[in-house]
Amino acid sequence: MNLTRWSARLPGTQRRGAVPAARGKTDDAATGTATGTAAPAAGAKAPTGASTGEDTASAPGADPAEPPGLGTAATLQDQALSALGDTHSAVAAVLSRLPALIAVTHGPAHRVDFVNDAYADVFGPRTTGTPARDALPELADLGLLPLMDQVHRSGRPRTVKARKVTRADTAAVTRQGYFTFTCTPVRADDPDPERRGVLVFAADVTDQVQSAERLRESERRIHETAVTLQRSLLPEQLEQPDDLRLAATYQPGGTDAAVGGDWYDVITLGAGRTALVIGDVMGRGVRAAAVMGQLRTAVRAYARLDLPPHEIIQLLDGLAAEIDATQIATCVYAVHDPGEGRLAYASAGHLPLLIRDPDGTVTRTEEPTGPPLGTGGWPHVSASVPFGPGCTAVLYTDGLIERRGEDIEDGVTTLMRALAGATGSPQVVCDRLMRALGVTGQHDDDVAVLVMQYPDHTGHPDGEVFRNASLDLLGGIEAAPRARAFATGVLASWRFPVELRDLGVLAASELVANSLKHGTPPMRLRLRRTDRRLVIEVTDADEHLPRRRRADPADEAGRGISIIATIATSWGSRHTPDGGKSVWCEFALPS
């Protein structure tokens with residue numbers, strides 16, 4: 001016998017439908033205890049029985065004592081949808097306990113339906129039923145009302161990040177914070193605009209914002225430290241040779257700590273000659289700056305040897321490999337000799353020098369260009385270009401002309417056009433080139449520019465013809481008297497004080513005597529005057545460089561260089577490009 005259909009009539013047996021009914025009553029009681037009775041929201045679906053006009057109590061299997069609408073999944077879903085739109089529902093109770101700030105509005109005026117406890121803690125209690133412009137003035141101050149209008153019209157959520165919020169005077173915590181606000185549409189598909197609403201959700205991101213600010217401040221300090229380190233390795237003030245006018249500009253790239261290894265320097269070599277160097281260590285960061293500092297120091301030391309440019313580059317190449325085999329640098333080393341009117345240079349993978357002639361024509365140095373420093377095993381060679389009075393030379397690093405997505409040759413061409421129209425002092429030329437190439441404080445690469453000008457003295461009372469004098473000596477016993485007579489006449493024409501004239505004649509006599517004894521003809525005596533010094537130089541065909549030594553009382557020779565070193569401000573010697581040597585000394589002119 002099948003007792004299932006009769007089980008409900010047996011004593012002590014519970015009907016099947018009573019179990020979900022009892023559960024529904026329990027849930028309803030719990031909900032009523034927590035939040036009170038929830039009124040159905042506008043637009044919510046009615047219970048199934050009500051919609052068809054049927055009496056739910058007379059349905060087969062239904063319990064007359066069971067509340068209508070509880071017992072089917074569809075009815076529970078309808079009540080959940082109704083609760084989402086009712087600020088007095090269980091969902092509202094859950095939203096009230098969330099730590100995020102929540103406000104719900106409806107209609108084009110954004111009338112307030114609900115604000116949770118966290119929102120009230122930050123901005124204070126709010127009155128429902130009032131337009132947000134009046135009830136939620138903080139949203140207007142934050143500029144969110146236009147955003148809410150867009151969300152209400154379009155039905156698409158919008159977010160604004162990290163807005164600064166000042167808590168109300170009645171807030172539990174009286175401090176400023178940062179919140180990210182998200183405006184989400186409610187009932188976006190409802191055709192009635194009064195029923196559509198907006199849910200404002202604000203998450204506290206104060207800790208993240210403060211952490212980001214601390215990180216930016218730390219990066220700023222690290223960047224300043226790196227830039228300070230790099231600037232300390234660059235010359236604080238350029239040397240200003242007598243015959244040249246120079247200026248340099250350095251612009252660190254970006255705002256991070258990854259500064260580059262660009263450097264430049266100017267070194268006076270004596271006898272009116274000047275060395276210029278510019279380089280770029282590949283890579284970025286403090287390590288690159290440290291390698292740059294070591295290379296710059298080495299250049300100054302090697303320059304004192306007064307070697308040809310390619311030999312300086314060879315020495316730097318070996319040193320770069322010893323410092324750090326992973327760091328590669330480019331460099332160009334140039335020497336200007338006003339007596340020869342040329343600029344000798346050697347390049348280690350660096351960009352070409354640009355020369356602007358007095359008529360405005362701009363040319364670039366071509367080959368030879370050797371490999372970068374640190375690669376090793378490749379000989380470098382020197383070359384030279386004419387560089388006379390009225391000329392301007394520009395040395396630069398790749399940050400000035402290199403741009404992403406563009407050929408570097410296009411950058412060189414642009415720089416040449418800018419240099420053709422750049423006139424004025426070297427510093428003015430630097431500034432014009434930086435502007436023409438679009439270099440600003442936000443440039444993403446380091447930039448170094450070095451500009452050198454050779455003034456033209458033609459037409460001045462102390463023109464070039466009166467600043468240089470030379471005498472060829474073929475040797476023999478008459479060479480020394482001729483040299484003394486020539487020096488006496490030239491120094492007298494330059495109207496130097498008697499004491500300086502006597503010292504100049506003595507120095508010329510000793511240098512010529514030293515060349516006659518230890519050198520090989522042909523010999524030449526050259527005197528040059530600048531605004532600040534007198535230069536006396538003797539060249540010959542012998543490659544042996546003199547050294548200063550201490551002569552014993554019985555020695556008949558060896559005192560000439562010691563006398564020169566004693567009476568002159570400075571002295572030195574070097575090999576000449578034609579295979580001979582040059583010995584020179586300088587006297588500072590009285591101010």
Side-chain angles (χ1 to χ4, degrees), residues 231 234-253 262-268 272-280 332 334-338 341-343 345 350-365 385-403 410-443 445-464 467 530-532:
R231 290 191 181 278
L234 295 174
E236 294 184 3
Q237 186 174 2
L238 288 180
E239 297 184 25
Q240 294 292 337
D242 299 344
D243 293 304
L244 299 177
R245 302 294 180 265
L246 296 117
T249 297
Y250 170 72
Q251 173 69 53
D262 296 14
W263 93 92
Y264 58 84
D265 207 350
V266 176
I267 309 163
T268 55
R273 301 168 65 252
T274 305
L276 303 97
V277 59
I278 194 166
D280 184 5
V332 60
V335 176
H336 175 248
D337 189 341
R342 301 190 67 83
L343 185 67
Y345 68 94
H350 203 76
L351 295 164
L353 284 72
L354 302 184
I355 308 296
R356 182 181 184 273
D357 294 333
D359 60 358
T361 303
V362 177
T363 58
R364 53 183 288 178
T365 59
V385 292
F387 193 82
C391 291
T392 300
V394 176
L395 293 76
Y396 53 96
T397 58
D398 59 358
L400 179 65
I401 62 170
E402 192 173 19
R403 301 293 182 270
D410 295 338
V412 176
T413 303
T414 302
L415 180 60
M416 293 176 67
R417 287 198 299 265
L419 178 59
T423 58
S425 67
Q427 188 60 57
V428 171
V429 174
C430 277
D431 296 340
R432 290 184 176 179
L433 296 181
M434 295 283 279
R435 288 195 302 269
L437 273 296
V439 178
T440 64
Q442 302 302 318
H443 197 60
D445 195 6
D446 295 63
V447 176
V449 182
L450 179 61
V451 175
M452 174 183 66
Q453 291 180 348
Y454 187 15
D456 188 357
H457 296 284
T458 303
H460 292 269
D462 55 348
E464 193 68 22
R467 302 175 69 91
T530 68
D531 296 336
R532 291 178 289 181

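We count residues from 1, following the sequence as given. Just so you know, these numbers use all the heavy atoms, side chains as well, and skip hydrogens, waters and symmetry mates.
- Considering only heavy atoms from C-beta on, H350 stays 4.5 Å or farther from V277 through its side chain.
- The line from CD of Q427 to CG of L238 is 9.0 Å long, rounded to the nearest 0.5 Å.
- Side-chain contact of D242 with T530: a donor-acceptor pair under 3.5 Å is present, judged by distance alone.
- Using a 4.5 Å heavy-atom threshold, the side chains of L246 and E239 count as separate.
- The line from OG1 of T361 to CG of D359 is 3.5 Å long, rounded to the nearest 0.5 Å.
- Using a 4.5 Å cut-off on side-chain heavy atoms (C-beta onward), R356 and V429 make no contact.
- Of the inter-residue distances, the one linking D456 atom CG with C391 atom SG reads 9.0 Å to the nearest 0.5 angstrom.
- The two atoms that bring Y264 and L234 nearest to each other are N-CD2, 3.8 Å, heavy atoms only.
- Distance alone, capped at 3.5 Å, places no donor-acceptor pair between the R432 side chain and the A418 backbone.
- Within the 4.5 Å cutoff, the side chain of Y396 has no heavy atoms near those of the V447 side chain.
- Between L353 and A334, the closest heavy-atom pair is CD2-CB, 4.4 Å.
- Between R532 atom CZ and D243 atom CG the span is 9.5 Å, to the nearest 0.5 Å.
- A distance of 8.5 Å separates CZ of R364 from CG of L351, quoted to the nearest 0.5 Å.
- Closest heavy-atom contact between P389 and P455: CB-O, 3.6 Å.
- Under the 4.5 Å side-chain criterion, counting only non-hydrogen atoms from C-beta, L276 is not in contact with V332.
- Just one of D446, D262, T397 meets the side-chain hydrogen bond (donor to acceptor under 3.5 Å, both in side chains) condition when paired with Y250; it is D446.
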Would you please test M416 and T363 for side-chain contact (heavy atoms from CB on, under 4.5 Å) and show each step?
-> CA-CA 8 Å; M416 293 176 67; T363 58; 5.8 Å; no

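- The minimum heavy-atom distance between L437 and G411, with the atom names listed, is CD1-O, 4.4 Å.
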Carefully, step by step, assess T392 and V451 under the rule side-chain contact (heavy atoms from CB on, under 4.5 Å).
-> CA-CA 7 Å; T392 300; V451 175; 3.8 Å; yes

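- The shortest side-chain heavy-atom distance between V266 and T274 falls under the 4.5 Å cut-off.
- The two residues Y454 and P338 have their closest heavy-atom pair at OH-CB, 3.4 Å.
- Once rounded to the nearest 0.5 Å, the distance linking CG of D357 with CZ of F387 reads 9.5 Å.
- Here the side chains of L400 and V439 are in contact, with some heavy-atom distance below 4.5 Å.
- Between M434 and T249 the shortest heavy-atom distance is CE-CG2, 3.9 Å.
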